[in-house]
Amino acid sequence: MQFATWNVNSLNIRLPQVLDWLATHPVDVLALQELKMADDKFPIQAFTEAGWHAAWLGQKTYNGVALISKQPARDVQRNNPHFTDDHARLIAATFDAPNGESVRVIGGYFPNGQAPDSDKFVYKMAWLDALRTWVKAEMQTQPNFLIMGDYNITFDALDVWDPETLEGTIHCTQAERDQLQALVALGLTDSVRLFEQPEKNYSWWDYRDFAFRRNRGLRIDHVLISDALKAKASKAYVDKAPRKNERPSDHAPVVFEATF
DNA sequence: ATGCCTTGCTTAGCAAGA
């Protein structure tokens, strides 16, 4: 069973690329972030015609998340029930596994935070506190649990192209990394680090300054998995290929596979 | 470097991203 996450930076612009990617990477669940479209503008017909199901939470201009899936999503939850949020950032659903078990999936677009001294950073911290409360509750109801998305946080220096210069800047602060570790401490594992990866393995590259060509990136898109899924983990990788597309997203998909 | 590029919104130049 395969799961993937991709921040598409506008589904309007990237819809053809998403459909192309799904045609060659028919994962069971694809979490999308930054739809940047109102709820009633979601292109459900295009996904349906291509044979996919979808559940989404849209928002005009900013944010927006979706789960594209082979099966219909069950027990869909939009945003965190433990947090009042103006932003469309979270969507959860349950899917059947091949062996009769179920998998609970959360797709998330975590706040950027802008700068460590900003109001947006304060919001990011509060949002992460509330997320942990929700994740803890979800994990108690479903052993096969996975949370994937654009975390906007690096784990450590390995996730940063220039860790010395960027130390303490947004995505690389101790406060953000403490939050990520607190989430992990609930019993989650960074799936990509379970498997051997290329050197300087990133998931996002700035549009400016030829950052992709120079591999000046950050690994900020993650798939965190419960112990039950860790026992079934068979593969995890960043698919850099779509970052080479014409008019690419600045993020690349991250894929996780569990063998049931 | 308060810059670079890409979105949306609006239609000239911000706001926001990361």
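Just so we're on the same page: letters track the sequence lines, and every chain starts at 1.
Annotation: cation-pi pair A:Arg213/A:Phe210 present, NZ/CZ under 6.0 Å from the ring centroid and within 45° of its normal.
Along DNA chain B, the nucleotide nearest A:Ile170 and the nucleotide nearest A:Asp209 are compared for position; the residue whose nucleotide lies closer to the 5' end is A:Asp209. Residue order along DNA chain B, read from the 5' end via each residue's closest nucleotide, puts A:Leu35 first among A:Leu35 and A:Pro111.
Residue A:Asn112 contributes atom CG, which lies 5 Å from atom P of B:dG17 at whole-angstrom precision. Per the geometry, CZ belonging to A:Phe210 stands 8 Å off P belonging to B:dC5, to the nearest Å. If you take CZ of A:Arg243 and P of B:dA18, they are 13 Å apart, rounded to a whole angstrom. The distance between atom CD of A:Gln17 and atom P of B:dT7, rounded to the nearest whole Å, is 9 Å. Remark: C1' of B:dC4 and CZ of A:Arg213 are 14 Å apart, rounded to the nearest angstrom. For the pair A:Asp150 CG and B:dA16 P, the interatomic distance rounds to 17 Å; values are reported in whole Å. If you take CG of A:Asn12 and C1' of B:dT6, they are 14 Å apart, rounded to a whole angstrom. Atom pair A:Asp206:CG and B:dT7:P shows a separation of 13 Å (rounding to whole Å applied).
Within the structure, the ring-ring contact (aromatic ring centres under 6.0 Å, His included) test picks out no pair touching residues 168-191 of chain A (sequence neighbours left out). Residues in residues 108-122 of chain A take part in these side chain to side chain donor-acceptor pair (under 3.5 Å) pairs, two or more places apart or across chains: A:Glu34-A:Tyr109. The list of ring-ring contact (aromatic ring centres under 6.0 Å, His included) pairs with a residue in residues 219-250 of chain A, not counting sequence neighbours, reads A:Tyr151-A:His222, A:Phe155-A:His222.
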Protein-nucleic acid N or O pairs under 3.5 Å, nucleotides 9-15 of chain B:
| residue | atom | partner | partner atom | Å |
| --- | --- | --- | --- | --- |
| B:dC9 | OP1 | A:Thr61 | N | 3.4 |
| B:dC9 | OP1 | A:Thr61 | OG1 | 2.8 |

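Residue A:Tyr207 has no polar side-chain atom (N or O) positioned under 4.0 Å from OP1 or OP2 of B:dG3. OP1 or OP2 of B:dG17 has not a single side-chain nitrogen or oxygen of A:His251 nearer than 4.0 Å. In terms of phosphate contacts, A:Asn152 brings a side-chain nitrogen or oxygen within less than 4.0 Å of OP1 or OP2 of B:dA18. Contact check, A:Arg247 against B:dT7: a side-chain N or O comes under 4.0 Å of OP1 or OP2.
Rounded to a whole angstrom, the distance from the P atom of B:dA1 to that of B:dT7 is 27 Å. For the P atom pair drawn from B:dT11 and B:dG17, the interatomic distance equals 22 Å after rounding to whole Å. Of the C1' atoms belonging to B:dG3 and B:dC14, the separation is 16 Å, rounded to the nearest Å. Separation of the P atoms belonging to B:dT2 and B:dA12 is 28 Å when rounded to the nearest angstrom. Only the P atoms considered, B:dA15 is 14 Å distant from B:dC4, to the nearest whole Å.
Salt bridge status for A:Asp159 with A:Arg193: present, with a side-chain N to carboxylate O gap under 4.0 Å.
Here A:Glu257 pairs with nothing under the salt bridge (Lys or Arg N to Asp or Glu O under 4.0 Å) rule; sequence neighbours left out.
When atom types are taken as modelled, the side chain of A:Ser203 and the backbone of A:Ile220 share a donor-acceptor pair closer than 3.5 angstrom.
In this structure, A:Tyr202 reaches neither bases nor backbone, as no heavy-atom distance under 4.0 Å exists between it and the strands shown. Within the 4.0 angstrom heavy-atom criterion, only backbone atoms of the sugar-phosphate kind lie near A:Asn7; the bases stay farther away. Within the nucleic acid shown, A:Asp221 has no heavy atom closer than 4.0 Å to any nucleic acid atom. At the heavy-atom level, A:Arg216 lies nowhere under 4.0 Å from the strands shown.
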Taking distance alone, no hydrogens or angles, what donor-acceptor pairs closer than 3.5 Å link side-chain atoms of residues 48-55 of chain A to residues at least two apart or in another chain?
| residue | atom | partner | partner atom | Å |
| --- | --- | --- | --- | --- |
| A:Thr48 | OG1 | A:Ile44 | O | 2.8 |
| A:Glu49 | OE2 | A:Gln45 | NE2 | 2.9 |

